[in-house]
Visitor: 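Have a look at this one.
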Amino acid sequence: MVRTRFAPSPTGYLHIGGVRTALFNWLFARRHGGQFILRIDDTDAQRNVEAALAPVLAGCRGRGMSWDEGPDVGAPHAPYYQSQRLARYQDAARQLLDGGFAYRDFATPEEIQQEREAAQREKRPFLYSRRWMAESSEQQAAFEAEGRKGVVRLKMPREGKLVIDDLVRGQVEFEWAREQGHVVQRADGTCLYHLASVVDDHDLEISHVIRAEEHLSNTPRQIFIAQSLGYPLPQYAHVPFVAEPGSKNKLSKRKLDKYLKNRDFAQINEHGVAIAERLGLATTGETFNPVIVDFYEQVGYLPDAIINYLLLLGWSLDDKTEFMSRQTMIDNFALERVTKAPASFDPKKLWAFEDHYMQAFPLKQKVARMLEFLQQAGIVAKPPPCDAGATLTRIVEAAGDRLKVFGDILAYADFFFVDQIEYDAKAVDKNLRKEGAAELLAEFRERLAETEPFDTQALEQTLHAFVEAKQIKTGQIIHAVRVATTGKAVGPGLYDCLEILGRPTCLARIDRALELVR
RNA sequence: GGCCCCGUCGUCUAGUCUGGUCUAGGACACCGGCCUUUCACGCCGAUAACACGGGUUCGAAUCCCGUCGGGGUCACCA
């Protein structure tokens with residue numbers, strides 16, 4: 001039975017690279033008819049785990065990666081929080097001690113550090129001298145008499161080598177003598193990650209540990225722990241990490257300032273921030289930026305777009321296929337086709353996937369989601385007025401593929417909803433203050449007043465007739481009308497805008513625009 | 001620095017195991033053009049890569065050796 005797991009720490013946000021790791025685990029489990037387990041690695045137990053955890057859970061669930069066991073899912077191996085499994089780890093530590101695979105160590109961190117520095121000075125690899133190792137109770141008592149506190153430290157082998165058969169990297173060799181004996185239990189009895197992770201993977205019967213490459217060097221000591229405890233080994237698969245835009249460094253949520261210098265990244269960020277501000281959301285880089293999945297959720301990206309993009313970051317089906325349904329992903333996902341080199345996060349390509357998926361998204365659902373955004377921004381009342389649905393549908397239809405994310409409805413189409421539109425100064429200068437523009441507009445206003453019915457077809461005829469009668473170019477009047485009625489130089493088709501706005505609004509706005517420039 | 005991993009267009013990748021069909025394919029971005037009432041979409045086109053050096057071979061992106069480059073990791077964090 002294939003059982004994979006994703007084991008995030010509840011830090012409050014989910015990194016884009018984390019989502020991809022979760023995705024690979026989820027896909028692999030589904031591909032093989034196995035189970036996907038969500039475990040929370042909170043050995044460092046913060047108090048309010050629930051609150052910090054919510055975004056992580058939402059991050060997975062929102063992207064359609066359901067877990068078979070884990071928080072909120074009744075299941076046989078509960079609890080799924082490491083903070084609640086301490087007793088198990090302590091048992092394991094005891095067992096390690098009894099078997100001679102670990103020992104009580106009474107060195108202070110400073111003493112270890114001194115040995116490390118000495119080794120560095122002499123340019124030889126550091127290996128702890130085990131000077132403060134206590135293997136008998138007499139030794140232990142002696143150290144304790146000095147007032148020392150003991151931790152449990154791994155007694156790693158100091159000869160031979162380990163060969164790991166990694167499902168994506170192939171055979172990887174390590175020399176045991178290069179591996180440090182890490183602490184697995186602190187003096188206060190709490191246990192550390194490596195022990196906890198190995199014990200849990202065993203208890204949860206994890207068959208495949210699929211995780212990012214940065215864990216590759218942790219693997220020898222985890223294997224040592226597992227073998228010492230008599231556990232069967234899981235299969236390992238170390239996938240490359242997700243790198244920064246335009247470099248091979250590991251993507252990190254801390255280096256936002258650096259990423260903002262990347263033009264594409266900055267563009268995506270700016271677009272998202274503009275939407276978030278209209279929604280009244282906090283936009284500090286720490287919690288809101290394109291490295292964090294929440295960013296996309298809040299701005300209104302489609303989960304399918306994100307998943308599809310992330311899947312292709314380090315995996316491919318063949319030489320051409322890019323767009324895939326969940327089922328196609330599941331049917332074809334294979335660890336053998338995971339690339340070995342790190343892949344840079346490219347926000348522009350994500351954007352292209354978003355564009356594609358949004359175009360295919362059903363109009364009705366699109367309208368529903370955009371209504372939510374309008375309500376959240378306080379532009380449309382809750383519950384909405386009864387004609388809101390029909391109008392919104394018209395707007396969304398008219399805007400077509402110009403709306404890339406749900407939040408775009410706020411910045412792109414706000415002029416449909418507000419009474420007092422704001423005029424874009426540049427557009428006004430360019431299109432309304434031009435020689436003769438105001439006069440033409442004033443004249444065209446009268447034609448609009450008479451156009452009947454006030455719909456796209458008739459409006460188009462009116463404009464064409466006007467252009468012909470005045471012997472002008474279409475551009476001379478059409479842009480002026482657009483700016484006067486919408487306030488902007490860009491937007492949906494003009495006739496659609498006019499019809500949706502309705503005659504009274506159009507005339508009033510033109511009057512106001514004329515006042516502005518005269 | 002030690003150990004480990006990686007190296008095909010700017011970016012994501014196909015091709016590498018099983019040498020020839022690769023004068024290296026696709027996608028995103030960029031640039032140019034078409035369409036057009038703006039923008040967006042769509043369409044067409046262009047530029048662009050086998051890190052380098054040796055071997056092996058009739059033939060190497062693919063096999064071998066070396067060099068260089070990039071990255072990860074070296075915690076009583078996870």
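Residue numbers start from 1 in every chain, and the chains themselves are labelled A, B, ... in the order their sequence lines are given, proteins ahead of strands. On a predicted model such as this, the values are computed, not experimentally measured, just so you know.
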Visitor: With hydrogens left out and only the distance checked, is there a donor-acceptor pair under 3.5 Å joining A:Lys349's side chain and the base of B:rA27?
Guide: yes

Visitor: From C-beta outward on A:Val183, which listed nucleotide comes closest to its side chain: B:rC74, B:rC76, B:rC5?
Guide: B:rC76

Visitor: Where the side chain of A:Ala343 is defined as all heavy atoms beyond and including C-beta, which of B:rC12, B:rG7, B:rC4 is the nearest nucleotide?
Guide: B:rC12

Visitor: So if I take every side-chain heavy atom of A:Arg186 and compare against B:rA78, B:rC6, B:rC4, which nucleotide ends up nearest?
Guide: B:rA78

Visitor: B:rC3 pairs with which nucleotide, Watson-Crick or G-U wobble, both distances below 3.5 Å?
Guide: B:rG72

Visitor: Identify which nucleotide among B:rC76, B:rU37, B:rG71 has an atom closest to any side-chain atom of A:Asn249, counting heavy atoms from C-beta outward.
Guide: B:rG71

Visitor: Assess the side chains of A:Gln222 and A:Thr219: does a donor N or O sit below 3.5 Å from an acceptor N or O?
Guide: no

Visitor: Of the candidate nucleotides B:rC28, B:rC4, B:rA78, which contains the atom at the shortest distance from the side chain of A:Phe174?
Guide: B:rC4

Visitor: Who does B:rU57 pair with, Watson-Crick or G-U, both distances under 3.5 Å?
Guide: none

Visitor: With both distances under 3.5 Å as the test, what is the Watson-Crick or G-U wobble partner of B:rG32?
Guide: B:rC44

Visitor: Given B:rG69, is OP1 or OP2 found less than 4.0 Å from the side-chain N or O atoms of A:Lys248?
Guide: no

Visitor: Under 3.5 Å, is there any donor-acceptor pair linking the side chain of A:Tyr412 to the base of B:rC39?
Guide: yes

Visitor: Both distances under 3.5 Å, Watson-Crick or G-U wobble: report the partner of B:rG66, or none.
Guide: B:rC52

Visitor: Between A:Phe24 and A:Phe333, does the ring-ring contact (aromatic ring centres under 6.0 Å, His included) criterion hold? Intermediate values first, please.
Guide: CA-CA 8 Å; A:Phe24 283 8; A:Phe333 185 76; 5.2 Å; yes

Visitor: What's the gap between B:rA40 and B:rG32 when it is taken at their P atoms, as a whole Å value?
Guide: 13 Å

Visitor: Touch check for A:Asp41, heavy atoms < 4.0 angstrom, all strands: base, sugar-phosphate only, or nothing?
Guide: sugar-phosphate

Visitor: Quick check with a 6.0 Å cut-off and a 45 degree axis cone: is A:Arg211 positioned over the face of A:Tyr236's six-membered ring?
Guide: no

Visitor: Would you mind classifying the nucleic acid contact of A:Glu179 as base, sugar-phosphate or nothing, using non-hydrogen atoms under 4.0 angstrom?
Guide: nothing

Visitor: Provide the Watson-Crick or G-U wobble partner of B:rC17, both distances under 3.5 Å; none if there is no partner.
Guide: none

Visitor: Go along nucleotides 14-23 of chain B 5' to 3' and tag each nucleotide: B for a protein heavy atom under 4.0 Å from its base, S when only backbone or sugar atoms are that close, - otherwise.
Guide: SS--------

Visitor: Choose from B:rC41, B:rU11, B:rC12 the nucleotide whose nearest atom is closest to any side-chain atom of A:Leu313.
Guide: B:rC12

Visitor: Expressed as a whole number of Å, how far does the P atom of B:rC5 sit from that of B:rA24?
Guide: 33 Å

Visitor: Looking at the base of B:rC39, is there any donor atom on it, or on the side chain of A:Arg402, that sits under 3.5 Å from an acceptor on the other one?
Guide: yes

Visitor: Could you tell me the Watson-Crick or G-U partner of B:rU38, where both distances fall under 3.5 Å? Say none if there is no partner.
Guide: none

Visitor: Taking any heavy-atom pair under 4.0 Å as a contact, classify A:Val151: base, sugar-phosphate, or nothing.
Guide: base

Visitor: So what does A:Lys404 hit on the nucleic acid, given a heavy-atom distance under 4.0 Å: a base, only sugar-phosphate, or nothing?
Guide: sugar-phosphate

Visitor: Between B:rU73, B:rA40, B:rG25, spot the one nearest the side chain of A:Glu214, thanks.
Guide: B:rU73

Visitor: Taking the minimum atom-to-atom distance to the side chain of A:Glu322, which one of B:rA78, B:rG71, B:rG26 wins?
Guide: B:rG26

Visitor: Taking the side chain of A:Arg169 as heavy atoms from C-beta outward, which of B:rU73, B:rC6, B:rC4 is closest to it?
Guide: B:rC6

Visitor: On a whole-Å scale, what distance lies between the P atoms belonging to B:rG53 and B:rG69?
Guide: 16 Å

Visitor: Among the candidates B:rA78, B:rC28, B:rA75, find the nucleotide nearest to the side-chain atoms of A:Ala352.
Guide: B:rC28

Visitor: If each of A:Arg221 and A:Pro342 is mapped to the nucleotide of RNA chain B with the nearest heavy atom, which maps nearer the 5' terminus, i.e. the 5' end?
Guide: A:Pro342

